[in-house]
2 protein chains.
Amino acid sequence: MLTHSKSAKSDGPLTEALAHSGLRLTPQRQQVHEVLREKMDHPTADQVFMRAKHKMPEISMATVYNCLDALVTCGLVRQVTLDRGATRYCPNMQDHSHFYCDECGSVYDILQTISPEDADIKLPRGFRLKNIETNLHGLCPDCAAKAK
Amino acid sequence: MLTHSKSAKSDGPLTEALAHSGLRLTPQRQQVHEVLREKMDHPTADQVFMRAKHKMPEISMATVYNCLDALVTCGLVRQVTLDRGATRYCPNMQDHSHFYCDECGSVYDILQTISPEDADIKLPRGFRLKNIETNLHGLCPDCAAKAK
DNA sequence: ATTGTATTTAGAATAGTTCTAAATCTTGAC
DNA sequence: GTCAAGATTTAGAACTATTCTAAATACAAT
Ligand SMILES: [Mn+2]
Ligand SMILES: [Mn+2]
Ligand SMILES: [Zn+2]
Ligand SMILES: [Zn+2]
């Protein structure tokens, strides 16, 4: 089993990003981040928990939530809320939007966004716009094929 | 107290929209819709419940959820999910987007949207785009003033 | 009036998330 | 190295939002 210090050294960028927010790199945080990068299907906390348990059977649900929060706090992970259900998590920090399949609920990264300038949004006096979140709704390739 | 048939007659459009989905206009459904139109601040189910109780003290939480679902089903109300918290409801069926104040959580209608053509979104092969949901994030006038 | 269906209701059940407090780990001062 | 302070993990309780269940009520059609 990897020691904390060894595994920490092997992931400099993570260590730094966490340190910037006054947080440490721990095996659990590293594992959670790894799980997210391995399969970028925008899993829920519960899915992250189940995947993380394979390599780290002792990990708890509370820790998964703590780690996800820590990673979000230090800007390594984005939260994605698209429907009533559980929050999903995305380790892709490039500016991108999400395609949500209304049929099966799957989520895909779309490497294209609408910038506040592009959109030419006219807001009533006093509002201060920070960023635009664009969610594309429709059918994923699988569901589109089945719908035919 | 108004009888069912009398109140139903006074709201033709509601009756029709519901009938189109095989649903009836009931005093509860009418009340819930009225609450939403009275203050279009995108209340949660719980807020709708509390407001509806003033004029209809017997109404139950389950009924509020049932009514909201019925109104959504027949296209009279939109669901709005912007954060981890409770779903919000919007009776404005014009095409519009939402401004979400990241500070205080208030939600405003913005009568401007980004059409699939405008956006010129290039999706990978197979995806079928139905509509674009645009959520504007930033500070509302009150919070922007305080932040200065 | 009677019957079948839709709706409402209270409360139980469930899902997702956050909180709590104890145990463990890490870091830094000595 | 030892020790203390603080950070992190953990299990489980608590909490919030939502859905489900089953009985009561209301309605519409015969
Ligand atoms: Mn993503
Ligand atoms: Mn709205
Ligand atoms: Zn799909
Ligand atoms: Zn605000």
Side-chain angles (χ1 to χ4, degrees), chain A residues 1-9 14-15 18-33 42-50 52-53 55-74 79-89 105, chain B residues 1-9 14-15 18-33 42-50 52-53 55-74 79-89 105:
Chain A
M1 189 197 170
L2 292 166
T3 69
H4 182 178
S5 50
K6 175 142 177 266
S7 58
K9 276 202 191 92
L14 260 191
T15 311
L18 284 160
H20 199 261
S21 299
L23 300 165
R24 299 176 192 156
L25 179 58
T26 64
Q28 289 85 351
R29 284 171 182 168
Q30 194 169 34
Q31 177 62 34
V32 164
H33 193 245
H42 302 82
T44 63
D46 200 63
Q47 292 175 310
V48 172
F49 175 53
M50 293 187 300
K53 267 207 295 201
K55 284 207 176 174
M56 196 175 263
E58 305 297 287
I59 201 170
S60 76
M61 193 68 213
T63 299
V64 168
Y65 273 107
N66 288 344
C67 291
L68 288 169
D69 281 356
L71 294 169
V72 168
T73 297
C74 71
Q79 274 182 333
V80 183
T81 51
L82 288 161
D83 60 5
R84 258 216 244 274
T87 304
R88 294 153 168 277
Y89 296 86
Chain B
M1 186 196 173
L2 292 167
T3 68
H4 182 176
S5 49
K6 176 145 177 264
S7 57
K9 276 204 190 88
L14 260 193
T15 311
L18 284 161
H20 199 261
S21 300
L23 300 166
R24 298 176 192 155
L25 179 58
T26 64
Q28 289 85 350
R29 284 171 182 168
Q30 193 168 36
Q31 177 61 36
V32 164
H33 194 245
H42 303 80
T44 62
D46 200 62
Q47 291 175 312
V48 172
F49 176 52
M50 293 187 300
K53 268 206 295 201
K55 283 205 174 174
M56 196 176 264
E58 306 296 289
I59 201 168
S60 75
M61 193 67 213
T63 298
V64 169
Y65 273 107
N66 289 342
C67 291
L68 289 169
D69 280 356
L71 294 169
V72 168
T73 297
C74 72
Q79 275 182 332
V80 183
T81 50
L82 289 161
D83 60 5
R84 259 216 243 278
T87 303
R88 293 154 168 278
Y89 295 87

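Just so we're on the same page: letters track the sequence lines, and every chain starts at 1.
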Q: Give a yes/no answer on whether the side chain of Arg29(A) brings an N or O atom under 4.0 Å of OP1 or OP2 in dT8(D).
A: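 Looking at the OP1 and OP2 atoms of dT8(D), one of them is under 4.0 Å from a side-chain N or O of Arg29(A).
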Q: If you find the nucleotide of DNA chain D closest to Tyr89(B) and the one closest to Gly22(A), which residue's nucleotide is nearer the 5' end?
A: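 On the 5' side of the pair lies Gly22(A).
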Q: OP1 or OP2 of dT8(C) sitting under 4.0 Å from any side-chain N/O of Thr26(B)?
A: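 True: Thr26(B) side-chain N/O within range (under 4.0 Å) of dT8(C) OP1/OP2.
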Q: Do any side-chain nitrogens or oxygens of Gln28(A) fall under 4.0 Å of OP1 or OP2 in dC25(C)?
A: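 Answer no for this pair, as no side-chain N or O of Gln28(A) is under 4.0 Å from OP1 or OP2.
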Q: Taking CG from Asp69(A) and P from dT10(D), how many angstroms apart are they, rounded to a whole number?
A: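 Between P of dT10(D) and CG of Asp69(A): 15 Å.
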Q: Scan Thr87(B) against the nucleic acid and name what it touches under 4.0 Å (heavy atoms): base, sugar-phosphate only, or nothing.
A: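 Touches sugar-phosphate only.
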Q: Whole angstrom is fine here: how far is it from CG in Leu71(B) over to P in dT8(C)?
A: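 After rounding, the gap between these two atoms is 10 Å.
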Q: Measure the distance from NZ on Lys53(B) to C1' on dA10(C) and round it to the nearest whole Å.
A: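 So the two atoms are 13 Å apart, to the nearest Å.
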Q: Could you tell me the separation between the CZ atom of Phe49(A) and the P atom of dT9(D), rounded to a whole number of Å?
A: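 Checked: the CZ to P distance equals 14 Å.
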Q: Taking only residues two or more places apart in sequence or in another chain, which ones pass side chain to side chain donor-acceptor pair (under 3.5 Å) with Ser60(B)?
A: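 Partners of Ser60(B) by the side chain to side chain donor-acceptor pair (under 3.5 Å) criterion, ordered by chain and then number, come out as Thr63(B).
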Q: Measure across Val48(B) and Pro43(B) and return the closest heavy-atom pair with its distance rounded to 0.1 Å.
A: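 That would be CG2-CG, 3.7 Å.
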Q: Does Asp83(B) have any salt bridge (Lys or Arg N to Asp or Glu O under 4.0 Å) partners at least two apart in sequence or in another chain, and if so, which?
A: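 Partners of Asp83(B) by the salt bridge (Lys or Arg N to Asp or Glu O under 4.0 Å) criterion come out as none, since no residue qualifies.
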Q: Would you tell me if any nitrogen or oxygen in the side chain of Arg24(A) comes within less than 4.0 Å of OP1 or OP2 on dG6(D)?
A: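 Answer no for this pair, as no side-chain N or O of Arg24(A) is under 4.0 Å from OP1 or OP2.
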Q: Take atom CZ of Arg88(B) and atom C1' of dA17(D), then tell me their distance rounded to the nearest Å.
A: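 It is 14 Å, rounded to the nearest whole Å.
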Q: Between the main-chain N or O of Leu71(B) and the side-chain N or O of Arg29(B), is there a donor-acceptor pair closer than 3.5 Å?
A: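 No; judged by distance alone, with no hydrogens or angles, the pair does not exist.
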Q: Ignoring the backbone of Glu58(B), work out which of dT9(C), dC27(D), dT9(D) is nearest its side chain.
A: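 Among dT9(C), dC27(D), dT9(D), the one nearest the side chain of Glu58(B) is dT9(C).
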Q: Roughly how many Å is it from CD in Gln30(B) to C1' in dT7(C), rounded to a whole number?
A: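 From Gln30(B) CD to dT7(C) C1': 15 Å.
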Q: Excluding sequence neighbours, so at least two apart, what forms side chain to side chain contact (heavy atoms under 4.5 Å, CB included) with Thr44(A)?
A: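 Testing Thr44(A) for side chain to side chain contact (heavy atoms under 4.5 Å, CB included), a comparison that skips the adjacent residues, returns Asp46(A), Gln47(A), Ala86(A), Arg88(A).
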Q: Where along residues 59-68 of chain B does a heavy atom come under 4.0 Å from DNA chain C, residue by residue in number order?
A: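 Contacting residues: Ile59(B), Ser60(B), Ala62(B), Thr63(B), Asn66(B).
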Q: Going by side chain to side chain donor-acceptor pair (under 3.5 Å), name the residues that satisfy it together with His42(A), two or more places apart in sequence or in a different chain.
A: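 If we apply the side chain to side chain donor-acceptor pair (under 3.5 Å) test to His42(A), skipping adjacent residues, the hits are His98(A), Asp109(A).
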Q: Restricting to side chain to side chain contact (heavy atoms under 4.5 Å, CB included), what partner residues turn up for Thr87(A), sequence neighbours left out?
A: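 Partners of Thr87(A) under the side chain to side chain contact (heavy atoms under 4.5 Å, CB included) test: Gln79(A), Thr81(A), Tyr89(A), Arg84(B).
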Q: Rounded to whole Å, how long is the line connecting atom CG of Leu23(B) with atom C1' of dT8(C)?
A: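 Nearest whole value for this atom pair: 14 Å.
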Q: Round to a whole Å and report the spacing from CZ of Arg84(B) to C1' of dC15(D).
A: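 It is 14 Å, rounded to the nearest whole Å.
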